[in-house]
Each structure stands twice: as C-alpha cells, then as structure tokens.
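What follows is a short report on a single structure.
It should be emphasised that the depicted structure is a prediction, and the values quoted were computed from it without experimental measurement. In this chain, residues are counted from 1 in sequence order.
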Amino acid sequence: MANPVMEYVAKVVEESVKVIEEQVDGELSKLDDDMDRLREKRLQALKAAQKQKQDWLSKGHGEYREIPSEKDFFGEVKESKNVVCHFYRNSTFRCKILDKHLAILAKKHIETKFITLDVEKAPFLSERLRIKVIPTLALLIDGKTKDYVVGFTDLGNTDEFSTEMLEWRLGCAGVINYSGNLMEPPTQTHTSAKKFTKVEKKTIRGRGYDSDSDSEVD
C-alpha cells in the first residue's frame with residue numbers, strides 16, 4: 001500500500017525540480033540572447049573597421065608616397081585626418097634614413113597618411129610652415145600642423161635611432177595610434193625618458209613653434 005507521506009514528498013520534489021528546470025531554461029535562453037547580441041555587435045564592429053580600412057587605403061594610406069608638388073600637398077591633407085609629411089632634399093643624406101623608417105611605419109599605421117615632398121618644389125609651403133631645417137616632419141591633424149620633428153634631436157640625436165623611437169615620437173604628437181608608454185621612449189633609461197617628455201612639451205618644435213598656435217593649411 002502506497003505511503004501518502006512519501007507520495008506527497010515525491011510530488012513536492014518533482015514540482016521543485018520542474019521550477020528549477022524552468023528557471024535554468026530561462027537563464028540559458030537569456031544567455032543565448034545576450035551572446036547573440038554580442039556576436040552581432042562584434043560583427044558590426046568588424047564590418048565598420050574593414051570599411052574604415054578600405055577608406056584609408058583608397059586615400060593612399062598604408063604606403064609611403066612622394067607627392068609631386070605643394071599643390072598636391074593641400075589635397076592630400078584635406079582628405080585625411082592624420083598626416084605625416086617628410087620635407088626632404090636630395091642632397092641631405094639623413095632624409096634617406098627617415099625614408100626607411102617612415103616606409104615601415106606607413107604599413108603599420110594605416111590610420112595615418114605618410115607622404116614626402118621635395119622642399120625645393122615647395123617654396124611657398126616651406127615658408128608658410130617655417131621649414132628651415134632638413135629633414136623636417138610636419139605632423140598634421142584635421143588639416144592643422146600640430147607638431148614638427150626637426151632633424152634627429154628628438155630621436156636621440158643620432159643617425160642610429162630605431163623605428164620604434166620615431167614611432168614613439170609620432171605617438172607623442174597624437175598623429176598615430178600608439179599602444180606603448182608615451183611617458184618613456186623605447187631604448188631609453190628612465191632618466192632620459194624624463195628629458196624626452198620635457199622636450200616634447202617645451203622645445204620639440206624649436207624655432208618658436210607652439211602647440212597652442214596651430215598652422216592652418218587650407
């Protein structure tokens with residue numbers, strides 16, 4: 001003969017298990033929905049990133065290019081947010097050193113346009129941007145000259161500076177997306193890092209350049 005008490009306990013346990021199963025099913029369903037939303041967001045982000053990459057490449061990013069004249073300079077600058085322009089002279093051998101490093105960085109940082117211009121073909125632009133020392137890198141953001149790298153002083157004052165050192169320097173100016181430590185240059189001691197960060201703030205522009213007085217290139 002069946003025990004009423006045991007039957008009652010079994011029924012309670014069964015109902016409890018059913019409630020728990022429903023709760024677990026609900027949580028799993030919610031988790032699946034959350035995962036679907038995350039996957040969709042990631043997919044959209046990847047599509048946006050790919051579209052942005054293609055847009056950059058269509059504008060000449062991803063390679064280090066020489067532009068033929070100062071007239072071309074204005075068009076190149078207007079269509080890209082971040083631009084690094086190397087003002088060079090064929091007779092200045094240190095320009096070749098910069099060329100090597102800039103070609104590497106152009107491929108790594110496609111968010112930035114890397115171009116070079118013969119200073120002798122750009123007398124008006126050289127005067128307007130106050131290009132007096134060769135080589136000089138003009139660093140432009142949103143059509144304005146935000147900073148300059150004049151010679152190799154900011155790169156350790158040596159012809160043997162590394163690509164990473166130049167990358168750090170461009171990162172300090174905000175003209176590339178730099179993932180390293182901006183407070184400390186690569187291959188430098190902690191003491192040297194303090195000197196470099198001070199230079200970046202105060203004397204890196206030389207010849208009277210100032211971060212609060214941007215030069216328009218419109």
Side-chain angles (χ1 to χ4, degrees), residues 60-70 72-74 76-78 80-178 180 182 185-186 196-197 199-211 213-217:
H61 293 227
E63 59 179 336
Y64 179 49
R65 299 179 292 115
E66 178 166 4
I67 57 175
S69 69
E70 59 187 3
D72 298 279
F73 171 87
F74 294 100
E76 295 281 357
V77 167
K78 284 182 179 179
S80 296
K81 177 180 176 63
N82 301 313
V83 178
V84 174
C85 183
H86 173 204
F87 288 87
Y88 80 96
R89 184 180 290 114
N90 278 324
S91 59
T92 305
F93 80 92
R94 285 190 172 88
C95 293
K96 301 298 182 184
I97 297 174
L98 267 182
D99 286 341
K100 177 186 69 174
H101 297 294
L102 291 171
I104 294 171
L105 292 177
K107 290 181 173 61
K108 181 176 181 180
H109 291 280
I110 64 171
E111 74 277 5
T112 301
K113 177 180 288 182
F114 287 79
I115 54 178
T116 182
L117 176 61
D118 186 342
V119 71
E120 294 180 358
K121 295 180 181 179
F124 168 76
L125 189 59
S126 299
E127 178 66 23
R128 186 169 180 176
L129 296 182
R130 295 174 288 176
I131 306 297
K132 301 181 183 301
V133 176
I134 300 299
T136 285
L137 298 181
L139 313 181
L140 302 103
I141 301 176
D142 291 326
K144 297 179 180 180
T145 50
K146 290 293 184 179
D147 209 344
Y148 298 84
V149 179
V150 181
F152 293 171
T153 303
D154 306 334
L155 305 173
N157 207 26
T158 173
D159 292 354
E160 304 301 321
F161 68 88
S162 65
T163 302
E164 289 74 22
M165 177 63 80
L166 178 57
E167 182 180 28
W168 169 82
R169 177 62 185 86
L170 299 181
C172 287
V175 76
I176 62 171
N177 296 335
Y178 185 70
L182 289 174
F196 269 77
T197 52
V199 165
E200 191 273 323
K201 293 292 184 182
K202 295 182 179 180
T203 63
I204 213 157
R205 293 165 182 82
R207 302 165 288 121
Y209 292 128
D210 191 288
S211 61
S213 56
D214 302 328
S215 298
E216 297 275 3
V217 294

Any chance you could measure [X], atom [atom1], to [Y], atom [atom2], to the nearest 0.5 Å?
X    : Y    : atom1 : atom2 : answer
D154 : F161 : CG    : CZ    : 11.0 Å
K78  : D142 : NZ    : CG    : 14.0 Å
T163 : L102 : OG1   : CG    : 9.0 Å
L117 : I131 : CG    : CD1   : 9.5 Å

Any idea which heavy atoms bring [X] and [Y] closest together, and the distance?
X    : Y    : value
G171 : L182 : C-CD2, 3.5 Å
G174 : I141 : O-CD1, 3.6 Å
G151 : V133 : N-CG1, 4.4 Å
T92  : P135 : CG2-CD, 4.2 Å

Legend entry - Residue list, side-chain hydrogen bond (donor to acceptor under 3.5 Å, both in side chains) with N90, at least two apart or on another chain: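 For N90, no residue satisfies side-chain hydrogen bond (donor to acceptor under 3.5 Å, both in side chains) once neighbours in sequence are set aside.
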
Test your reading of the model: is there a side-chain donor-acceptor pair from [X] to the backbone of [Y], 3.5 Å cut-off?
X    : Y    : result
E70  : L125 : yes
S80  : V77  : no
E120 : R89  : no
S162 : M165 : yes
R169 : L155 : no

Applying the side-chain contact (heavy atoms from CB on, under 4.5 Å) criterion to [X], which one of [options] satisfies it?
X    : options              : answer
I67  : T116, D118, I115     : I115
T112 : N82, L170, L139      : N82
V175 : D147, V83, V84, L137 : V84

Legend entry - H86 side chain to D99 side chain, donor-acceptor N/O pair below 3.5 angstrom: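 The criterion, which ignores hydrogens and geometry beyond distance, is satisfied for D99 and H86.
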
Inset, instruction - Show your reasoning for whether side chain to side chain contact (heavy atoms under 4.5 Å, CB included) applies to F114 and I104. - result: CA-CA 10 Å; F114 287 79; I104 294 171; over 6 Å; no

Inset, instruction - Let me know which of E76, E63, H61 forms a side-chain hydrogen bond (donor to acceptor under 3.5 Å, both in side chains) with K113. - result: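 Exactly one pass, corresponding to E76.
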
Legend entry - Working for salt bridge (Lys or Arg N to Asp or Glu O under 4.0 Å), residues K108 and E167: CA-CA 10 Å; K108 181 176 181 180; E167 182 180 28; 2.9 Å; yes

Legend entry - Step-by-step side chain to side chain contact (heavy atoms under 4.5 Å, CB included) determination, K146 to L140: CA-CA 5 Å; K146 290 293 184 179; L140 302 103; over 6 Å; no

Legend entry - Sidechain N-carboxylate O distance under 4.0 Å for D159, R94: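 Judged by the 4.0 Å cut-off on N to carboxylate O distance, D159 and R94 do form a salt bridge.
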
Inset, instruction - Kindly indicate, with the supporting measurements, whether the criterion side chain to side chain contact (heavy atoms under 4.5 Å, CB included) is fulfilled by L98 and F152. - result: CA-CA 9 Å; L98 267 182; F152 293 171; 3.8 Å; yes

Legend entry - F73 vs S69, side chain to side chain contact (heavy atoms under 4.5 Å, CB included): CA-CA, chis, key distance, verdict: CA-CA 7 Å; F73 171 87; S69 69; over 6 Å; no

Inset, instruction - Can you sort out the partners of Y64 under ring pair (Phe, Tyr, Trp, His ring centres under 6.0 Å), two or more places apart, ordered by chain and number? - result: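 Not a single residue meets the ring pair (Phe, Tyr, Trp, His ring centres under 6.0 Å) criterion with Y64.
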
Inset, instruction - Taking the side chain as every heavy atom from C-beta outward, state whether Y88 and T136 have any pair of such atoms under 4.5 Å apart. - result: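 Result no, sub-4.5 Å side-chain heavy-atom pair not found.
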
